Amino acid sequence: MNFEAVIGLEVHVQIRTASKMFTRVATGYGAPPNTLTDPVVLALPGALPVLNKAALDAIIKTGLMLDCEIASVTRWDRKNYFYPDSPKNYQLSQYDQPVCRGGWVELELPGPSLAVMGEHKRIPLTRIHLEEDVGKLTHEAHDSLIDYNRAGTPLMEIVTEPALRSPEEAFAFLTSLRTSLIYAGISDCDMEKGQMRCDANISIRPVGDTKLGTKVELKNLNSTSYVRDGIAAEIKRQLNVIASGDTLVQETRLYDGETGRSASMRSKEMAHDYRYFPDPDLMPVRIDAEWKARLAAELPERPFNKQRRFIDAHALPYSAASVLIRDRALADFFEETVKLGAKPTAAANWIVNDLLRQLAAANQSVSESKMTPTHIAGLVALLDQSVISSTQAKEVFAEMFASGESAPAVVDRKGLRQSTDANQLEAWCDTAIRNDPKSVEQVRAGNPKAINALKGAVMKISAGKANPKLVDEILKKQLGV
Amino acid sequence: MSAPQDFNIDYLAQLARLALTAEEKAKFAAQLGDVLHHIERLAEVDVTGIEPTAHAFPIENVWQADVARPGLAVADALRNAPTQRENMISVPKVVE
Amino acid sequence: MPPLHFQSLATLAARLERRELSAVELMQALLARTCTVEPRVHAFNSYDEADALAQASASDARRAAGQARGPLDGIPVGLKDVIAVRDQPLTASSKILSNFVSPYDATVTRKLQDAGAVLFGRLNCDEFAMGSSNENSAFGPVANPWDLTRVPGGSSGGSAAALAAGEVVASLGSDTGGSIRQPAALCGLVGLKPTYGLVSRYGLVAYASSLDQIGPFGRTVEDAAILLGAIAGHDELDSTSYHATVPDYRAALSGPAPRRLGIPKEYFGAGLDPGIGAAVEAAVKFYRDRGCEVKEVSLPHTSYCLDAYYVIATAEASSNLARFDGVRYGHRSKAATDAIDLYAKSRAEGFGAEVKRRIILGTYVLSSGYYDAYYLRAQKVRTLIRRDFLRAFEEVDALLTPTSPAPAFKLGEKADPLALYLCDIYTIGVNLAGLPAISVPCGFTNSGLPIGLQLIGQPFKEADLLALAHDYEQAHDWHTRHPNL
């Protein structure tokens, strides 16, 4: 029997705000333990929550970007459970009136090669709601230690329908979601810092069945590769259980990325009774059309729309477009360069190949670099006008990257400007022909490659200033071929 | 008067994280049985079409701008901690 | 003139202003009085003599520099031990918080400090404000200064008893189902529960968040008005705080009082002490004689108030009190072996019986399968209760009722929780509807126990209520009588 996997994801994303979800003490990663607390974070007796407007804006923007239905009235509920990382022993969350319902994330599967675009799919979302993060527990030999710095950080929970069918789709989903959220400035989505965390609900069923199989919740998928590998391992485990004639049990399993194995979490098996009820300390939020319109106006173009536009309007190859759109700053850089008159394909090539390589070597982001769209546009223009050769252009690029000098300035300073003076070029060609009768003989005898030696000689005589294209024309004319 | 059949005090005590003694459980179950008997009267009220009241004076859109303000000094944050080390609260080991 | 410790806040403020008296002298007199009576009354959980004298001395210095801050400057005010004061204990009269020292101030604390008040003592109360007799305190019961064998009422029993006994000049309590008004009635004082949202709850240990309000106790209506004026007003740290304008409550006392009064018939049924019934009837007659239009009104859902209250209040409490777990602060069981055990044992050791009962009840009504039948239904009944009041207010400006069905009862007399819950039948509706209400002394029983008259007003019309109560008070001498201690 053939089986298929059915996967739903629950993704927690920390929203990038200056202060916490329900109080104004600062958020932050890596601060000394318990330096980002206040009476609300620590749930001291008498402390009360107050909403962070920026977190609301962020989730509404997310919803608009992912085509969710935005609630006209949303409210806050208490999810009651005891755990040492949860200071109040209830989490402020949203139960039956989340900010966002529905919507979808577009993903792109890998193509047969990097130059060929893979299949696109739309993964429907169930909901997105706001809640607060918990503190951090560290388990030591004899005790557990609690740091509440993370507690109260604004968190979005994005829940998908069980619409994913493979670990690769889950990986692509997260990559796409991450790109979109970074584009809109909602989160940095750094999984290493816990800014994006993922749990997966996984089941298998015979192909053709419409009923869902026994669901296993897999936790601790804390990097995109863990998501892919963890889900793959779980599907394999489930297939093995079925193959050996056993039945699957509904359970929560904790994935260990180091070993690639998962283990059942007994403590979570007990049925939960969260006793949700509306939080009496917080008031509902009404979201009107004007508010939504204001936020919609701030939204960036969606990454895959940008990719389609780059391919259609700028005639970029998929290989370049797909690289450019991964980083909004890079895509913007490209568009600026084009706006300054550079040919799109040329600009894209310089950015995708040379700029990215140099940035990686210098460990810089595009915004940190001295290189600007003006630099690239200048370089492309000089090439177009045959002022420099493509070999010289590489040199100019390296100089610009290092010093921030403009392309014409580098060319002038280094005396790289090519000669297009016909008399001068003809004189150089004459000299080359005179000095190398052997090559001349070979060219005339019908060996077209022999002309390269003459061209090399011209370049040498001219100290690289001769325009190679014109030299080629003149040599051919003088040799009568 | 005893508690209604579905009033499972063992379950509730466990849910509320209260290690009640057997005597407490028996006593509370009986006392709360009386109270619940009284409360059951709510079922008599016709609430068809009535919206619930969470707050006497519903107001909406109460929030603050996202501007960080100083919080508690670590010493104040941990001032009442029963046990602490390395500026963190220490608890008996949590088994996951 | 009565002895210093029984003089009103307004009188003492005037004397401080005239420099007849210094804040330090006043504080010393109260400390001396407290030493004498406190062993019998037990209104305080703790007090810090040196700190109180330092605050008084600072007040005197301000006054000497011509920077006195108004009528509260130098006035010792006691706070119920559920209101946070930085560097002072905050116990909620619970063993679970017996060693807790607050690292922050409640908003009302700040406001009183800004007004120059001397914050004196942590006043005893029922544990986590759950009770009507102050017998649920982990630190022992409070005695009623009028009869030391009787309860002062609750849950703000210490706030009432300390004032009645002459240990403080005024005090703050909190009122979730009658916890200010009922002890005020039982101790012969004025107690006001403000409209929900008028006074910030930031820094008030939460019992039932949608019902809790902080309010003043005073010897006179004027004293309550002064204190209310100092603590009222919008606070951005409390999301349920209302953007209401705070009028000059003291000035409003001499303004026009409402003239249309309603007598809710459901508040005069079986169970009302005849002596109290008669005293309230006499008050009704007073207002009628003053030319007020008095008519009978009906609040048909009154009999369900207690039920809705015990569902909503315990549900909220079960969640509000989850934070007391022995992890970050408070009592931690030494018997615990793991983190889960730590919770159950710390909470079992730290909470008293009434708190445990209410947590269990609240957990039950919220638990899976019961939410709709209890919590949701109670909130809908709450809507009906609120509508009853608002409908009555279409015809009348204020309602007049007894505060408590019975006068102070004997300590230990009511062992059955339900019997105690019934003490609040006249006060609970006001909290469910979020309305303001005041209890003002309106006589004494044959055995000499104080009786309270409750006036219930329209939302944010505290000034009307105060004027109405002031009118009554000034025509009687109940407030001039003091217990013999």
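In what follows, chains are A, B, ... by sequence order, proteins preceding strands, each numbered from 1. From a predicted model like this one, the values you see are computed outputs, not experimental measurements. What you see below is based on every heavy atom in this structure, not just the backbone, and it leaves out hydrogens, waters and symmetry mates.
- Inspection of the C:Asn320 and A:Arg78 side chains reveals an N or O donor paired with an N or O acceptor under 3.5 Å.
- Other residues, nucleotides and ligands place no more than 12 heavy atoms under 6.0 Å from the CD atom of A:Glu69.
- No donor-acceptor pair under 3.5 Å is formed between the side chain of C:Arg323 and the backbone N or O of A:Pro87.
- For chain A, the nearby part of C:Leu90 is the side chain; its heavy atoms alone come within less than 4.5 Å.
- Heavy atoms closer than 4.5 Å to chain A are found nowhere in C:Ala208, neither backbone nor side chain.
- Taking every heavy atom of both residues into account, A:Pro280 and C:Ser209 meet most closely at CG-CB, 3.6 Å.
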*With side chain to side chain contact (heavy atoms under 4.5 Å, CB included) as the test, would you mind laying out the steps for C:Phe100 and A:Leu44 before giving the verdict?*
CA-CA 10 Å; C:Phe100 185 80; A:Leu44 296 186; 4.2 Å; yes
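- The side-chain heavy atoms of A:Tyr274 and C:Ser368, taken from C-beta on, include no pair separated by under 4.5 Å.
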*Applying side chain to side chain contact (heavy atoms under 4.5 Å, CB included), run through C:Leu237 and A:Leu48 and close with a yes or a no.*
CA-CA 7 Å; C:Leu237 297 179; A:Leu48 294 173; over 6 Å; no
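- Of the two parts of C:Leu321, neither the backbone nor the side chain holds a non-hydrogen atom closer than 4.5 Å to a non-hydrogen atom of chain A.
- Listed options C:Asp238, C:Val365, C:Asp212, C:Val327 were ranked by heavy-atom pairs under 4.5 angstrom with chain A; first place goes to C:Asp238.
- The contact between A:Pro84 and chain C is made by backbone and side chain atoms together, counting heavy-atom distances below 4.5 Å.
- Looking at C:Ala339, only its side chain comes within 4.5 Å of chain A, counting heavy atoms on both sides.
- Remark: aromatic rings of C:Tyr375 and A:Phe277 are close, center separation under 6.0 Å.
- Residue-environment remark: NZ (A:Lys215) stays at or below the threshold of 12 foreign heavy atoms within 6.0 Å.
- Heavy atoms of C:Tyr371 lying under 4.5 Å from chain A belong exclusively to its side chain.
- C:Ser367 and A:Arg275 are not linked by any side-chain donor-acceptor pair at a separation below 3.5 angstrom, with hydrogens and angles left out of the test.
- Heavy-atom neighbours of A:Lys53 NZ from other residues, nucleotides or ligands within 6.0 Å: above the threshold of 12.
- Heavy-atom distances place both the backbone and the side chain of C:Val205 under 4.5 Å from chain A.
- Side chain of C:Tyr104 to backbone of A:Ala47: a donor-acceptor contact under 3.5 angstrom is found.
- Proximity to chain A (any heavy atom under 4.5 Å) is shown, for C:Ser102, by neither the backbone nor the side chain.
- In this structure, the portion of C:Phe324 lying under 4.5 Å from any heavy atom of chain A is its side chain and not its backbone.
- Enclosure of atom CZ in A:Arg261 is not indicated, since only 12 or fewer non-hydrogen atoms of other residues, nucleotides or ligands lie within 6.0 angstrom.
- Heavy-atom pairs under 4.5 Å with chain C peak, among A:Tyr90, A:Tyr148, A:Phe82, at A:Phe82.
- A donor-acceptor pair is defined here as one N or O able to donate and one able to accept, closer than 3.5 Å; such a pair exists between the side chain of C:Tyr343 and the backbone of A:Tyr83.
- Counting all heavy atoms, side chain and backbone alike, C:Ser239 lies closest to A:Met283 at O-CG, 3.5 Å.
- If you check the side chains of A:Asn80 and C:Ser319, you find a donor sitting under 3.5 Å from an acceptor.
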